Amino acid sequence: MRIVVVGAGGVGGLVAGLLARAGHEVAVVARGAALEAIRDRGLRVESPLGAFTVRVEAASPPELAPAEAVLLGVKAWQVPQVAATLAPLLTREGFVVPLQNGVEAPEQCGAVLGADRVVGGLCHVLSRLAAPATVVHVGAPPSFTFAASTQHAAGVERLRAALESAGARVAVVDDFPAALWEKFLFIASFGGVAAVARSTAGVVRTIPETRRLLADACEEVRALAMAKGIACAPDVVAKTMAFIDSLPEAATPSLQRDVVAGRPSEIDSLSGAVARIGASLGVPVPIHATIHAALLPLEQAARQPALTGPAAGPRSP
């Protein structure tokens, strides 16, 4: 199976590296410093699964042969623009798997490519870029969840087998919206509270007032999912808090890291999406609305050079 990974950031770089090490045919869509680094010295991964450097094919989309599966690893805010470049990367029976935080990427990809070319996906992993084409992964092996697909059942099974052979954990589920919203509940709430507090998992979960804020933020997303008819587990908030308690003390969500570093972030796709969906359904979500409003000045300042400078355009995370 030929697999193309779009984005050479913490998720895309890790997945591409693990797949390449396992012997699979994998290529990476990258640009700028990431593309140069991969071509010059390869893709470096430092992980509990091993520390290694692999050579992978890397290019911009028009230069790559099509693939049976395209894993979309860019930031959520980049999806609408990047989706328009994906069609040439797909074989006749190929499909795209968006792995973004948030709940909007599958529909955004489907609006451009057609819903029949998209398989819902999500990923749980703690990884980041230490330098261009150098990924640091901590904690448990990457875990993927894919939507069961009648049309692409054979392809999804082959992708599952490839990722498992590379050291990942994979589940294929019938109720993908529930899985998507349960991750959304975690990443929007943990990411938003940690970003506002500029703190790690160890801090936000141990200060009583901040822990209560985090739990209440999770409850807002749970209430929103219920209003949409999403069948999240009854104990999803308790399980989410237990998962945050299990994270390494120094763990930080990507939203927090981007805000602290002054980079464009996914705040509009996380707490911003909670606020928008809540307003459309008449469900009050004051915590997420406040988080979004509080971070907007920093977000607008971070986006200005990204939107107007010489490097404008889609960037790998």
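Note that this is a predicted model, so its numbers are computed, not measured. Hydrogens, waters and symmetry mates play no part in the numbers below; they use all other heavy atoms, side chains included.
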(message) Taking NZ in K183 as the centre, count heavy atoms belonging to other residues, nucleotides or ligands within less than 6.0 Å. Is the count above 12?
(response) yes
(message) Which residues pass the salt bridge (charged side-chain N to carboxylate O under 4.0 Å, His left out) test with D258, not counting sequence neighbours?
(response) K75, R263
(message) If we count only N and O atoms by modelled type, under 3.5 Å, do the side chains of Q100 and S269 hold a donor and an acceptor together?
(response) no
(message) Holding to side chain to side chain donor-acceptor pair (under 3.5 Å), I want the full list of residues that pass it with S246, two or more places apart in sequence or in another chain.
(response) none
(message) With side chain to side chain donor-acceptor pair (under 3.5 Å) as the criterion, how do H288 and S271 come out once you've worked through the C-alpha distance, each side chain's angles and the decisive distance to 0.1 Å?
(response) CA-CA 5 Å; H288 283 281; S271 288; 2.9 Å; yes
(request) Take E46 and T134, measure what side chain to side chain donor-acceptor pair (under 3.5 Å) needs, and give me the verdict at the end. (result) CA-CA 8 Å; E46 298 174 8; T134 300; over 6 Å; no
(request) Please determine if R117 forms a cation-pi arrangement with F95, meaning its NZ or CZ atom is less than 6.0 Å from the six-membered ring centre and no more than 45° off the ring axis. (result) no
(request) Step through the shown structure and confirm whether more than 12 heavy atoms of other residues, nucleotides or ligands are within 6.0 Å of CD on E107. (result) no
(request) Evaluate whether atom CE of M1 has more than 12 neighbouring non-hydrogen atoms of other residues, nucleotides or ligands under 6.0 angstrom away. (result) yes
(request) Taking all non-hydrogen atoms of both residues into account, name the closest pair between P48 and H137 and its distance. (result) CD-O, 3.1 Å
(request) Could you point out which residue of V29, V28, V70 forms a side-chain contact (heavy atoms from CB on, under 4.5 Å) with L64? (result) V29
(request) Decide whether H124 and T145 meet the rule of one side-chain donor and one side-chain acceptor closer than 3.5 Å. (result) no
(message) On a heavy-atom basis, which atom in V135 and which in G10 lie closest, and how many Å separate them?
(response) CG1-O, 3.5 Å
(message) I want to check a possible cation-pi pair here: R303 against W77, using under 6.0 Å from ring centre and within 45° of the ring axis as the test.
(response) yes
(request) Could you list all the ring-ring contact (aromatic ring centres under 6.0 Å, His included) pairs where at least one residue sits in residues 249-268, not counting sequence neighbours? (result) none
(request) Heavy atoms only: give me the nearest P297-A293 pair and the separation to one decimal. (result) CD-O, 3.4 Å
(request) Going by the side-chain hydrogen bond (donor to acceptor under 3.5 Å, both in side chains) test, name the single residue among D216, T206, D245 that passes it with R211. (result) D245
(message) Minimum heavy-atom separation for G121 and F176, please, with both atom names.
(response) N-CZ, 3.2 Å
(message) Side chains of S60 and E63: any donor to acceptor distance under 3.5 Å?
(response) yes
(message) Looking at A194, is its backbone amide N or carbonyl O close enough to the side chain of S199 to form a donor-acceptor pair, meaning the two atoms are under 3.5 Å apart?
(response) no
(message) Between R21 (side chain only) and L18 (backbone N and O only), is there a donor and an acceptor less than 3.5 Å apart?
(response) no
(message) Do V118 and L122 sit in one hydrophobic cluster, given that two such residues count as connected whenever their side-chain heavy atoms are within less than 4.5 Å of each other, even indirectly?
(response) no
